[in-house]
K.L.:
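One structure coming up, written as structure tokens, with questions to follow.
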Amino acid sequence: MLVGMVTPAQIRAARALLGWSQQDLADRAIVSLNAVNRLERGAVDTRHSTLIAVEKAFFRAGVEFIPAGERGEGVRFLRPSGEQHQRTS
């Protein structure tokens, strides 16, 4: 799990992968909806602890973040698609 290196685009993509709304993410990460919104906009005042809570919520849901490299950053499920849990909304 990458801690503190996730981009706003990756957060939006991970939510889309899971079918989560911003409120779903806020509830699962135990942060405010406003904090999720700031994270996804790339606001500079976001707390590091908020980003860590969000990353952990995605990790618990089976999502991992792929760091930027030659092929670009991304998100994916930790397990092959046949082993994924059902989406929760």
Side-chain angles (χ1 to χ4, degrees):
M1 176 172 77
L2 297 174
V3 178
M5 300 183 71
V6 176
T7 67
Q10 285 176 299
I11 293 170
R12 290 188 303 271
R15 277 196 315 102
L17 190 63
L18 293 166
W20 288 1
S21 67
Q22 283 187 337
Q23 185 65 60
D24 292 329
L25 174 56
D27 292 345
R28 286 169 172 81
I30 311 172
V31 299
S32 70
L33 177 58
N34 192 34
V36 171
N37 187 277
R38 283 193 315 268
L39 266 176
E40 290 191 358
R41 286 182 300 145
V44 294
D45 63 341
T46 302
R47 295 177 185 234
H48 186 71
S49 59
T50 300
L51 182 56
I52 290 171
V54 165
E55 287 184 52
K56 286 181 179 179
F58 283 127
F59 185 77
R60 286 190 302 267
V63 171
E64 78 174 323
F65 295 95
I66 303 164
E70 288 182 25
R71 298 176 67 190
E73 66 195 25
V75 296
R76 66 180 172 201
F77 284 116
L78 288 166
R79 294 171 298 279
S81 61
E83 299 176 25
Q84 292 305 313
H85 299 289
Q86 289 185 348
R87 288 184 180 191
T88 44
S89 45

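Everything numeric in this text was worked out from a predicted model, so none of it was measured. The figures that follow rest on heavy atoms only: side chains count, while hydrogens, waters and symmetry mates do not.
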K.L.:
Using the side-chain contact (heavy atoms from CB on, under 4.5 Å) rule, pick out the option among Val75, Leu25, Val63 that qualifies with Leu18.
P.N.:
Val63
K.L.:
Do Phe58 and Ile11 come within less than 4.5 Å of each other through their side chains, counting heavy atoms only?
P.N.:
yes
K.L.:
In Å and rounded to the nearest 0.5 Å, what is the CZ to CG distance from Arg47 to Leu39?
P.N.:
12.0 Å
K.L.:
So, the side chain of Arg79 versus the backbone of Gly62: is there a donor-acceptor pair under 3.5 Å, distance only?
P.N.:
no
K.L.:
Which heavy atom of Ile66 sits nearest to which heavy atom of Arg76, and what is that distance?
P.N.:
CD1-CD, 3.7 Å
K.L.:
To the closest 0.5 Å, what do you measure between OG1 (Thr7) and CD (Glu40)?
P.N.:
10.5 Å
K.L.:
Answer yes or no: are there more than 12 heavy-atom neighbours, outside Arg71 itself, under 6.0 Å from its atom CZ?
P.N.:
no
K.L.:
So does Leu33 have more than 12 non-hydrogen atoms from other groups sitting under 6.0 Å from CG?
P.N.:
yes
K.L.:
Looking only at heavy atoms, which two atoms of Trp20 and Ala57 are closest? And how far apart?
P.N.:
CH2-O, 3.9 Å
K.L.:
Report the distance from atom CZ of Arg12 to atom CZ of Arg41, rounding to the nearest 0.5 Å.
P.N.:
11.0 Å
K.L.:
For the pair Gln10 (side chain) and Gly74 (backbone), establish whether a donor and an acceptor sit closer than 3.5 Å, ignoring hydrogens and angles.
P.N.:
yes
K.L.:
Checking Arg60 side chain against Arg28 main chain: does a donor-acceptor pair fall under 3.5 Å?
P.N.:
yes
K.L.:
Please check if the side chain of Asp24 supplies one atom and the backbone of Ser21 the other of a donor-acceptor pair under 3.5 Å.
P.N.:
yes
K.L.:
Please lay out, stage by stage, how Leu78 and Phe59 fare under the test side chain to side chain contact (heavy atoms under 4.5 Å, CB included).
P.N.:
CA-CA 8 Å; Leu78 288 166; Phe59 185 77; 3.8 Å; yes
